[in-house]
Structure formats: structure tokens, C-alpha cells
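Notes follow once the structure below has been shown.
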Amino acid sequence: MPEIVQVDGSLDAFDRKILEELAVNGRIPVAELAEKVGLSKTPCQNRFKRLIAEGFIQGFKAILNPAKMNLDHIAFAEVKLTNTQEDALNSFNAAVRKIKEVEECHMIAGRFDYLLKIRTRDIKKYRLVLGERISNLPYVASTSTNVAMETVKERG
């Protein structure tokens with residue numbers, strides 16, 4: 001986890017410690033969290049609720065094991081668009097969000113426009129997703145695929 005820094009100074013050392021602990025274990029009981037960050041339970045709980053209300057904590061989710069679900073094939077698709085005006089970008093963005101196999105989508109400054117992380121059960125399924133869904137997204141001119149051989153580090 002990178003160091004947590006807040007430019008406007010609204011986070012103090014206790015807030016940062018709370019966020020760092022929650023990033024590692026989002027299910028930690030408040031009493032244990034309070035002990036780890038050096039606060040009593042009530043002030044810790046108040047800070048926790050404030051961090052949620054102010055949007056520093058966006059939510060909590062279960063981190064699933066892709067291998068257990070036969071979804072351990074990862075490919076990265078570089079996508080080049082025919083048009084990069086705002087309407088085209090918005091159209092592409094809305095459409096790509098609907099493809100469940102796309103775990104991440106990043107607009108890139110470089111030789112292509114988007115980098116997509118796609119998770120499927122195997123290369124055969126990836127080929128279908130690429131050919132039938134991604135290649136047919138609005139304004140897609142071309143794609144190029146890189147297949148992950150091994151995941152060394154992944155957030156989660």
C-alpha cells in the first residue's frame with residue numbers, strides 16, 4: 001500500500017493509520033482497529049464513520065479467489081480508437097463498463113488509448129470476448145493483446 005497523503009491536510013496521523021489498517025484488513029473489528037492505531041473505541045469509530053462520510057473509504061468488498069472459480073487467465077488489451085473526442089470517449093467508457101470480463105479499464109497517454117485488464121477462464125474464452133465484445137465497442141480501431149504468464153503482485 002502506498003503512503004497515504006492528503007494534500008489539503010484534512011487527514012491526521014490517526015486517520016492515515018486507520019486507512020492503512022483498513023486497506024490490509026477491511027473486516028477488522030473497531031475495538032481491534034482502535035488498539036492498533038492508538039485510540040479508544042469511540043473516537044476510532046467516529047473517525048471511521050467520518051472517513052466513510054467524506055469519501056475516503058468508498059466501500060468494502062469480498063476479494064474472491066479467481067483460480068478457485070476457474071478465472072485465472074489474465075490478458076491486457078491495448079485499444080486504439082478511431083476518434084478521441086469527448087463524445088467518443090464517453091461512448092466507449094459507457095460501453096466497456098458493461099463487459100463483466102473487463103476488470104479494469106485505464107485511459108492511457110501513449111501509443112494507444114486504453115489498457116484493459118480482462119479476466120477469463122482460458123484463452124479460448126478471451127478470444128470470444130475480444131472478438132465479439134471488445135472489438136465491437138464504439139470507435140475501436142484496433143487492439144493488441146498481452147497475456148499474463150504469472151501474477152506477481154495484485155492489489156487485494
Next on the checklist: Nearest 0.5 angstrom please: Glu150 CD to Asp72 CG, how far?
Outcome noted: 12.0 Å
Checklist entry - Hey, does the side chain of Ser135 reach the backbone of Leu130 with a donor-acceptor pair shorter than 3.5 angstrom? => result yes
Next on the checklist: Between Glu78 and Arg111, is there a side-chain heavy-atom distance shorter than 4.5 Å?
Outcome noted: yes
Listing, residues 88-99 side-chain donor-acceptor contacts under 3.5 Å, not counting sequence neighbours, or none:
{"from": "Asn90", "atom 1": "ND2", "to": "Glu86", "atom 2": "O", "distance (Å)": "3.3"}
{"from": "Asn93", "atom 1": "OD1", "to": "Tyr114", "atom 2": "OH", "distance (Å)": "2.6"}
{"from": "Asn93", "atom 1": "ND2", "to": "Leu89", "atom 2": "O", "distance (Å)": "3.3"}

Next on the checklist: Taking side-chain hydrogen bond (donor to acceptor under 3.5 Å, both in side chains) as the cut-off, I'd like each qualifying pair that reaches into residues 36-46, sequence neighbours left out, listed once.
Outcome noted: none
Checklist entry - Does a side-chain heavy-atom distance below 4.5 Å link Lys49 with Arg47? => result no
Next on the checklist: I'd like to know if Lys17 and Asp12 make a salt bridge, using a cut-off of under 4.0 Å between side-chain N and carboxylate O.
Outcome noted: no
Checklist entry - With sequence neighbours excluded, what pairs up with Lys80 under the salt bridge (charged side-chain N to carboxylate O under 4.0 Å, His left out) test? => result none
Under 3.5 Å donor-acceptor pairs involving side-chain atoms of residues 21-35, not counting sequence neighbours:
{"from": "Asn25", "atom 1": "OD1", "to": "Arg27", "atom 2": "N", "distance (Å)": "3.0"}
{"from": "Asn25", "atom 1": "OD1", "to": "Ile28", "atom 2": "N", "distance (Å)": "3.4"}

Checklist outcome for this item: Contacts of Thr145 meeting side chain to side chain donor-acceptor pair (under 3.5 Å) (sequence neighbours excluded), chain-then-number -> Tyr126
Item to check | Reported CD-to-NZ distance for the pair Glu101 and Lys117, which is rounded to 0.5 angstrom | outcome: 14.0 Å
Checklist entry - Cluster partners of Val152, using ILVMFWY side-chain heavy atoms under 4.5 angstrom, listed by chain and number? => result none
Next on the checklist: Suppose clustering is done on Ile, Leu, Val, Met, Phe, Trp and Tyr with side-chain heavy atoms closer than 4.5 Å. Which residues sit in the same group as Leu128?
Outcome noted: none
Item to check | Hydrophobic cluster of Leu115, others only, ordered by chain and residue number, side-chain cut-off 4.5 Å | outcome: Ile74, Phe76, Ile108, Phe112
Checklist entry - Met149: which other cluster members, linking ILVMFWY side chains closer than 4.5 Å, directly or transitively? => result none
Checklist entry - With sequence neighbours left out, what residues match Thr120 under side chain to side chain donor-acceptor pair (under 3.5 Å)? => result His73
Item to check | Student check: side-chain heavy atoms of Ile134 and Ile118 closer than 4.5 Å | outcome: yes
Checklist outcome for this item: ring pair (Phe, Tyr, Trp, His ring centres under 6.0 Å) filter on Tyr139, not counting sequence neighbours, yields none
Checklist entry - Shortest non-hydrogen contact from Leu81 to Asp113? => result N-OD2, 2.7 Å
Can you give the donor-acceptor pairs under 3.5 Å from side chains of residues 50-71 to other protein atoms, not counting sequence neighbours?
{"from": "Arg50", "atom 1": "NH1", "to": "Glu54", "atom 2": "OE1", "distance (Å)": "3.3"}
{"from": "Arg50", "atom 1": "NH2", "to": "Asp15", "atom 2": "OD1", "distance (Å)": "2.7"}
{"from": "Arg50", "atom 1": "NH2", "to": "Asp15", "atom 2": "OD2", "distance (Å)": "2.8"}
{"from": "Asn65", "atom 1": "OD1", "to": "Ala67", "atom 2": "N", "distance (Å)": "3.0"}
{"from": "Asn65", "atom 1": "OD1", "to": "Lys68", "atom 2": "N", "distance (Å)": "3.4"}

